[in-house]
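Scroll down for the structure; my scribbles are underneath it.
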Amino acid sequence: MDARGQSVKCGKLDAPRAGSVAQALLDWYDTHARSLPWRMPPGANRADPYRVWLSEVMLQQTTVAAVIPYFERFTTRWADVAALAAAPEDEVMAAWAGLGYYSRARRLVECARVVAARGGFPEDEAGLRALPGLGAYTAAAVAAIAFGQRAVVVDANVERVVARLFDIEQPLPAARAAIREAADAITPDVRSGDFAQAMMDLGAGICSVRAPQCLICPLRSDCRGQVRAEQLPVKPPKKAKAQRIGHAWWIERDGAVWLIRRPASGMLGGMRALPDDGWNARADGSAQAPLAGAWREVGRVAHVFTHVALDLAVMVSQGGDNPSGEGEWWPLDRLDEAGLPTLYARAAALAMAGRG
DNA sequence: CAAGCGTGGAT
DNA sequence: TATCCAAGCTT
């Protein structure tokens, strides 16, 4: 980058004045932004790597508001990476229930054990990138925020801010190379962790997807895309969502319900669940019950995943059922500790209310 | 590299 | 109500 504030060449891009962009953003950050309460204050060169890593993994595709209570519970229960490494995987999975993208939880444990075994986190971006669950974004964010290293941190916020700042009209995902190059050009050598957090706070609060507030943006004098900010970055069209119908089975005996654990891969992989029919019922309602017995429908859960919309009928056993295979009788008075993902937590709530 | 993978809040 | 999409990673 060019700390003198001169225009710099960035590949084919004529970049805004790189040094002035970084300085204006950091000035704004020092006086206005602080979205994550567990972060070190602006200007702190380093932060606790365990907390930075944990928060960054939780924040992958997940809103700050959703993460905060989980982060508090995790750090209370497992105060450092050694404690998390020593935790049984199923307890961590259960604690993650409701946060989504459950492969993160299994990789979180795997990563904690690798880090504990080697005596601490790697302090360079390449070493971090090799850890389970750390991709390009998270490795760069931890390197910059936890270890004070210069790293080019690019998430969806940074993509949006940079696409607008440099007026990059090429659609995603093809634009990623140019966006990364441009982000590199404006990333300062010092305080790159604060810079990254400032870019993300700017993207979340001012340079937002809809209705960006260009009039109060600290970068407006350097921004080339503000006349069409809302159109940038250009995104690819989405695919239609598959519709599915399924049935979940509520089998209760002696104050306990029969729960299974889902296969490690696939939807809700590795999580406890109600037994179900695999969500492949025919739309005419003629599902084939895998279990013997009589059933009564007590309600339906309409649940929308990233690429599937599911209509799940909750069926309560009227007797004659015969649970088979792997599973466990889970006490109803501790059902909230089972770590059911949201879909099955809702189904269970319907069953508890309607089981008569 | 496109597809698969959760959930909840905002509009 | 429908749609978008958020501090992405893995295969």
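Order of the sequence lines sets the chain letters (A, B, ...), proteins ahead of strands, with each chain counted from 1. Note that the structure is a prediction, hence the values are computed from the model and not measured.
Across all strands, A:V304 comes closer than 4.0 Å to base atoms (heavy-atom distances). Among the heavy atoms of the strands lying under 4.0 Å from A:A136 are primed sugar atoms or P, OP1, OP2 only; no base atom is included. Residue-level contact check: A:T62 touches the bases, meaning some heavy atom is under 4.0 Å from a base atom. Note on A:K235: only backbone sugar-phosphate atoms sit closer than 4.0 angstrom, heavy atoms only; bases stay farther off. Residue A:A156 is in sugar-phosphate contact alone, with no base atom involved, counting any heavy-atom pair closer than 4.0 Å across all strands shown. A:R106 comes within contact range of no nucleotide atom at all, as no heavy-atom separation falls under 4.0 Å. No contact: A:G203 has no heavy atom under 4.0 Å from any strand.
If you take CG of A:L343 and C1' of B:dT7, they are 11 Å apart, rounded to a whole angstrom. Here the P atom of nucleotide C:dA7 and the CG atom of A:L54 are 18 Å apart, to the nearest Å. For the pair A:Q197 CD and C:dA7 P, the computed distance is 13 Å after rounding to whole Å. Atom pair A:H303:NE2 and B:dG8:C1' shows a separation of 10 Å (rounding to whole Å applied). The nearest whole Å value for the distance from the OH atom in A:Y70 to the P atom in C:dA7 is 18 Å. For the pair A:L59 CG and B:dT7 P, the computed distance is 17 Å after rounding to whole Å. Going from atom NZ of A:K241 over to atom P of B:dA3 covers 15 Å, rounded to whole Å. Atom NZ in A:K238 sits about 11 Å away from atom P in C:dT3, given to the nearest Å.
For the OP1/OP2 pair of B:dG8 and a distance below 4.0 Å, the side-chain nitrogens and oxygens of A:T342 include at least one atom meeting the criterion. Taking 4.0 angstrom as the limit, A:T63 places none of its side-chain polar atoms (N or O) nearer than this to OP1 or OP2 of C:dC5. Distances shorter than 4.0 Å separate none of the side-chain N or O atoms of A:R176 from OP1 or OP2 on B:dC1.
Listed nucleotides: C:dT10, C:dA7, C:dG8. Nearest to the side chain of A:Q61: C:dG8. The nucleotide whose nearest atom lies closest to any side-chain atom of A:Q60 is, among C:dC9, B:dC5, C:dT10, C:dC9. With C:dA6, C:dG8, B:dG6 as the choices, the nucleotide that has an atom nearest any side-chain atom of A:M267 turns out to be B:dG6. Distances were taken from every side-chain heavy atom of A:F305 (C-beta onward) to each of C:dC5, B:dT7, C:dT10; the shortest belongs to B:dT7. Closest to the side chain of A:D155, from the set C:dA7, C:dT10, C:dA6, is C:dA7. Of the candidate nucleotides B:dG8, C:dC4, C:dA7, C:dA7 has the atom lying nearest to any side-chain atom of A:M200. Listed candidates were C:dA6, B:dA2, B:dG8. Nearest to the side chain of A:P173 is B:dA2. Ranking C:dG8, B:dG6, B:dC5 by closeness to the A:H307 side chain, first place goes to B:dC5. Out of C:dT11, B:dA10, B:dT7, the shortest distance to the side chain of A:R210 is found at B:dA10.
Between B:dA3 and C:dA7, the two P atoms lie 24 Å apart (nearest whole Å). For C:dT11 and B:dG6, the P atoms lie 14 Å apart once the distance is rounded to whole Å.
A distance-only check finds no donor-acceptor pair linking the side chain of A:S192 to the backbone of A:D189 [under 3.5 Å]. Between the side chain of A:R129 and the main chain of A:A139, no donor-acceptor pair closer than 3.5 Å is present.
Through side-chain heavy atoms spaced under 4.5 Å, either directly or across other Ile, Leu, Val, Met, Phe, Trp or Tyr residues, A:V304 is tied to no other residue.
Ionic pairing of A:E230 and A:R210 is not present here: no N-O contact between side-chain nitrogen and carboxylate oxygen is shorter than 4.0 angstrom. Ion pairing of A:R106 with A:D90 is absent here, as no side-chain N (NZ or NE/NH1/NH2) approaches a carboxylate O to less than 4.0 Å.
Aromatic rings of A:F121 and A:W53 (six-membered ring for Trp) have centroids within the 6.0 Å cut-off, being under it. Ring centroids of A:F305 and A:H303 are separated by less than 6.0 Å, placing the two rings close together.
The CZ atom of A:R113 sits 6.5 Å away from atom CD of A:E89, with the distance rounded to the nearest 0.5 Å. Distance check: A:D184 CG to A:I179 CD1 gives 13.5 Å after rounding to the nearest 0.5 Å.
Looking at A:T306, its side chain has no donor and acceptor atom pair within 3.5 Å of the base of B:dG4.
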Before giving the answer on side-chain contact (heavy atoms from CB on, under 4.5 Å), spell out for A:L25 and A:M199 the whole-Å C-alpha distance, their side-chain angles and the decisive distance to 0.1 Å. CA-CA 7 Å; A:L25 190 68; A:M199 287 286 278; 3.4 Å; yes
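Nearest-nucleotide mapping onto DNA chain B: of A:K239 and A:R104, the residue sitting toward the 5' end is A:K239.
For DNA chain B, the neighbouring residues in residues 93-102 of chain A, judged by any heavy atom under 4.0 Å, are A:G98, A:L99, A:G100, A:Y101, A:Y102.
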